[in-house]
*Asks:* 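Sharing a structure with you now.
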Amino acid sequence: MVRADYGPGDRYGRLPELNAATRYSVNAPPIRLFRLNGPVRFNSQAFTPYRGAVARSTDCVGLSCAVMTTRRTFLIVGLAGGAALTAAYWLRRARVRDPVTGGHRALAALDPAAQAIVAAIAPVMLDGALPADPADRHAAVTETVANVARAVSGLAPSVQKEIGELFSLLGLPPTRVALAGVTTPWAEASPEAVAAFLERWRTSEWMLLRSAYDALHQLVLAAWYGNPRAWPSIGYPGPPVLA
Amino acid sequence: MRDRKDAPVFRIVTDVPAYGGRVIDASVLERDLALDADVVIVGTGAGGGIAAETLSEAGLSVILVEEGPLRTSRDFHMSEAQAYPDLYQDSAARKTKDKAINILQGRCVGGGTTVNWTSSFRTPPATLAYWAQKLHLDGFAVEDLAPWFARMETRLSIGPWDMAPNANNETLARGAAAIGIRTGTIRRNVTGCVNLGYCGMGCPIDAKQSMLVTTIPAALGRGATLVTRARAQAFVRVGDHVTALTCAAMDAQGVRPTDRRVTLRAGTFISAAGGIGTPGLLLRSRVPDPYAVLGKRTFLHPTVVSAALMPDEVAGYYGAPQTIYSDHFIETMPVEGPIGFKLEAPPLHPVLAAITLPNHGAPHARWMRHLPNLQVVIALLRDGFHPASPGGTVTLSDDGTPVLDYPLTPYVWEGVRRAFRIMAEIQFAAGAAQVMPIHGDGTGYREWDAARTAIDEFTFAPLVTPVVSAHVMGGCPLGADSHHSAVDTAGRYHHLANLYVLDASLFPTSLGANPQLSIFAIAARLSSGLAATLAPGAQTAHAA
């Protein structure tokens with residue numbers, strides 16, 4: 001059914017040979033860096049129940065202030081429960097008219113306020129990854145926002161609703177200040193303020209905020225690294241060419 | 001810096017298998033549709049695809065219904081941005097209820113087999129022994145299934161992979177060998193594979209012998225009907241008989257149901273919508289479930305990840321994605337003891353790498369810049385055998401869609417710690433310059449001692465330690481005893497006369513191995529049994 005013809009100049013066709021013979025000699029004596037431990041033994045100590053608080057984890061940094069914030073957060077949202085989320089969502093819906101315009105249907109999955117939030121978060125999330133040239137950088141952020149919107153438009157309605165609630169929460173000033181710790185509108189937020197917000201949610205004691213961070217992480221990073229514009233800087237030559 | 005001109009070039013001559021026969025895209029239906037057949041099969045993945053071939057071969061009329069789209073190699077462009085939203089459940093971002101586990105599940109014609117990484121393992125003997133001895137499941141021993149495995153291996157060209165592993169997999173082999181851990185070569189279901197490495201985005205050259213290019217075209221060729229972009233809503237019952245399946249046509253993007261309905265009537269119904277999908281469909285249908293087993297004991301092979309920076313280029317985005325494995329911690333660990341795990345390597349494409357690497361900003365970008373030198377090992381934990389490993393539970397959310405609640409318990413985390421240790425040890429033994437267990441802020445370690453000390457002190461928690469899964473199993477388990485199982489050993493739902501389940505949701509535990517070949521073999525056996533009772537003339541023959 002399929003015939004593949006490796007051309008003479010095809011560097012990829014030589015890759016298996018390169019792997020086996022050139023790069024790592026399979027027959028060479030094994031590099032023995034460590035003592036062989038044998039089968040790893042079951043360690044009953046490891047069964048002690050997880051104590052819950054991420055803040056106690058030694059690998060989290062910058063938590064002293066975050067803990068305070070997240071405790072307050074926990075109270076705020078804990079008291080109001082899902083009602084606060086829902087209220088924020090519907091308030092946002094009422095305030096912002098659906099921008100369904102011809103030719104930009106995917107963007108409609110994110111209202112302008114949500115787009116502004118992604119546009120504020122993306123340069124910080126992608127710090128060190130975006131092009132240095134200002135025009136390229138601007139285009140990269142714009143495309144990332146559009147790709148996030150497109151990604152959201154393809155998610156299940158229940159997930160779209162949750163993401164809508166997340167952006168509503170981030171967009172309304174009271175919850176933006178209380179939960180995200182960002183005191184200015186998103187379009188004016190400093191990179192430091194956005195970075196502090198991301199770090200606070202990433203390391204939050206509260207799982208809901210960590211899951212919200214995870215959603216932003218996944219949406220923004222996938223939107224950028226799925227874009228061929230991102231590939232040269234990470235050394236990814238792109239998929240093979242099928243000729 | 002590498003760029004497009006460095007991408008390998010292949011000259012390919014390919015004949016796309018013609019998708020003839022009757023294929024109905026429900027997203028463009030202008031009016032409601034009703035169809036009749038002998039058998040209706042929900043789902044076109046490993047279970048549904050095999051069942052469709054077996055039953056159509058027996059002369060039965062078959063309708064296959066699939067929620068996802070029909071896409072073929074013409075549509076597969078090795079692009080993550082295109083493939084994940086189009087071919088995967090929830091754009092490859094399906095989550096468990098608390099969002100702590102990301103599940104990769106196919107949603108397209110061919111299901112998981114269209115997007116999986118081609119790894120083909122027979123069910124491990126220890127798993128089958130546990131089913132026989134502890135769960136009293138008769139007829140599923142190694143020798144019972146051997147002929148079915150052999151038949152499926154022939155049908156789907158499953159065999160040894162002769163090309164050298166890519167450097168990502170070879171590093172696993174070399175590191176494991178250095179510390180005395182045995183590895184093996186993964187068998188793959190391919191013909192004419194040229195080692196591209198993009199199996200997860202749909203094989204662009206039809207080398208992967210998925211259901212998409214094998215059993216489904218065969219069934220269509222024998223007159224089967226395929227309805228795509230239709231979500232199975234519920235079975236309609238009269239007494240203990242299912243009389244129809246109602247489906248909602250989906251919009252062209254597969255996001256929302258349209259107003260169009262599809263009603264499928266048949267004498268026999270098969271649910272092959274996979275783990276999560278099948279229990280969800282049965283729960284929505286409110287089938288009798290007197291002992292509340294539906295959706296319980298759903299397993300994932302919770303998987304954790306260890307990344308390494310190698311001194312030489314790895315290019316883990318090219319070459320067959322999974323070719324080397326180690327079952328050392330499956331074979332040396334008793335199934336009922338601390339959780340065992342299988343070690344494998346995943347493909348390393350930019351989006352998958354970016355969403356897996358923790359943290360953001362400069363630390364994240366630093367690792368991404370080294371993508372060509374990135375090497376990754378994954379550990380797939382064997383859940384469901386120990387009393388402390390009951391798996392998760394599928395329930396229905398407000399809008400009727402299924403959701404899996406899978407609590408990550410101390411039993412699982414204990415295995416995660418051992419897995420992180422051994423993965424780091426393997427990577428350092430293979431010469432890694434740095435190892436990053438994917439956890440917390442994603443600190444990299446330059447020495448094995450430092451990594452081990454850190455791993456020993458990790459505080460594991462959901463959404464602090466990313467956990468992923470590509471294998472959803474259970475929720476509708478096989479068994480003779482209806483108190484603890486949902487379907488009998490013929491695959492028939494205990495409490496209904498003509499409803500069968502033929503997919504990974506049948507498994508009473510996880511497998512401890514990538515599941516496709518187990519699904520193929522068990523679906524082949526159970527659908528052959530079903531065909532023998534349903535085939536034209538079967539009754540007469542029995543009477544005679």
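Naming convention: chains lettered A, B, ... in sequence-line order (proteins, then strands); numbering from 1 in each chain.
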*Asks:* Do you know which of B:Ala354, B:Ser91, B:Gly254, B:Ala81 has the most heavy-atom pairs under 4.5 Å to chain A?
*Replies:*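 Most heavy-atom pairs under 4.5 Å with chain A: B:Ala354.
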*Asks:* Looking at B:Asp90 and B:Arg107, is any side-chain nitrogen of the basic one under 4.0 Å from a carboxylate oxygen of the acidic one?
*Replies:* no
*Asks:* With ring pair (Phe, Tyr, Trp, His ring centres under 6.0 Å) as the criterion, how do A:Tyr213 and B:His360 come out once you've worked through the C-alpha distance, each side chain's angles and the decisive distance to 0.1 Å?
*Replies:* CA-CA 10 Å; A:Tyr213 169 83; B:His360 57 268; 5.5 Å; yes
*Asks:* Do B:Glu80 and B:Met201 have side chains that get closer than 4.5 Å, going by heavy atoms?
*Replies:* yes
*Asks:* How would you list, by chain and number, every residue that makes a side-chain contact (heavy atoms from CB on, under 4.5 Å) with A:Thr142, sequence neighbours excluded?
*Replies:*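 For A:Thr142 the side-chain contact (heavy atoms from CB on, under 4.5 Å) partners, ignoring immediate neighbours, are A:His138.
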*Asks:* Once you measure the plane-to-plane angle for B:Phe420 and B:His439, does it fall in the parallel (<30°), tilted (30-60°) or perpendicular (>60°) bin?
*Replies:* perpendicular
*Asks:* Among the options B:His370, B:His349, B:Lys95, B:Arg366, pick out the one with the most heavy-atom pairs lying under 4.5 Å from chain A.
*Replies:* B:Lys95
*Asks:* Which residue, B:Val9, B:Ile205, B:Val194, forms the side chain to side chain contact (heavy atoms under 4.5 Å, CB included) with A:Leu242?
*Replies:*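 Filter result, single survivor: B:Ile205.
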*Asks:* Against chain A, label B:Asp399 side chain, backbone, both or neither, depending on which of its atoms sit under 4.5 Å from a heavy atom there.
*Replies:* side chain
*Asks:* May I have all residue pairs that pass salt bridge (charged side-chain N to carboxylate O under 4.0 Å, His left out) and include part of residues 350-362 of chain B, sequence neighbours excluded?
*Replies:*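 Matches after skipping sequence neighbours: none remain.
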*Asks:* Only pairs of heavy atoms separated by less than 4.5 Å count here; which of A:Ala222, A:Pro157, A:Ala156, A:Gly226 has the most with chain B?
*Replies:* A:Pro157
*Asks:* Determine which residues belonging to residues 122-129 of chain A lie within contact range of chain B, meaning some heavy atom pair is under 4.5 Å apart, and list them by number or answer 'none'.
*Replies:*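 At a heavy-atom separation under 4.5 Å, chain B is reached by A:Val124, A:Met125, A:Asp127, A:Gly128, A:Ala129.
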*Asks:* Anything under 30° is parallel, anything over 60° is perpendicular, the rest tilted; go ahead and classify B:His364 against A:Tyr225.
*Replies:*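 If you compare the ring of B:His364 with that of A:Tyr225, the planes turn out tilted.
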*Asks:* Top residue by heavy-atom pair count (under 4.5 Å) with chain A, among B:Asn359, B:Thr401, B:Asn373, B:Leu371?
*Replies:*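 Option with the greatest count: B:Asn359.
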*Asks:* Checking heavy atoms, do the side chain of B:Asp98, its backbone, both or neither come under 4.5 Å from chain A?
*Replies:* both
*Asks:* Is B:Leu348 close to chain A through its backbone or its side chain, or both, or neither, when contacts mean heavy atoms under 4.5 Å?
*Replies:*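 Answer is neither: B:Leu348 stays 4.5 Å or more from chain A.
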*Asks:* Taking the side chain as everything from C-beta on, heavy atoms only, tell me whether B:Tyr317 gets closer than 4.5 Å to B:Pro372.
*Replies:* yes
*Asks:* Under the side-chain contact (heavy atoms from CB on, under 4.5 Å) test, which residues partner B:Asp456, sequence neighbours left out?
*Replies:* B:Arg417, B:Arg421, B:Arg452
*Asks:* With a 4.5 angstrom heavy-atom cut-off, could you sort out which part of B:Pro363 is near chain A: side chain, backbone, both or neither?
*Replies:*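 No part of B:Pro363 comes within 4.5 Å of chain A.
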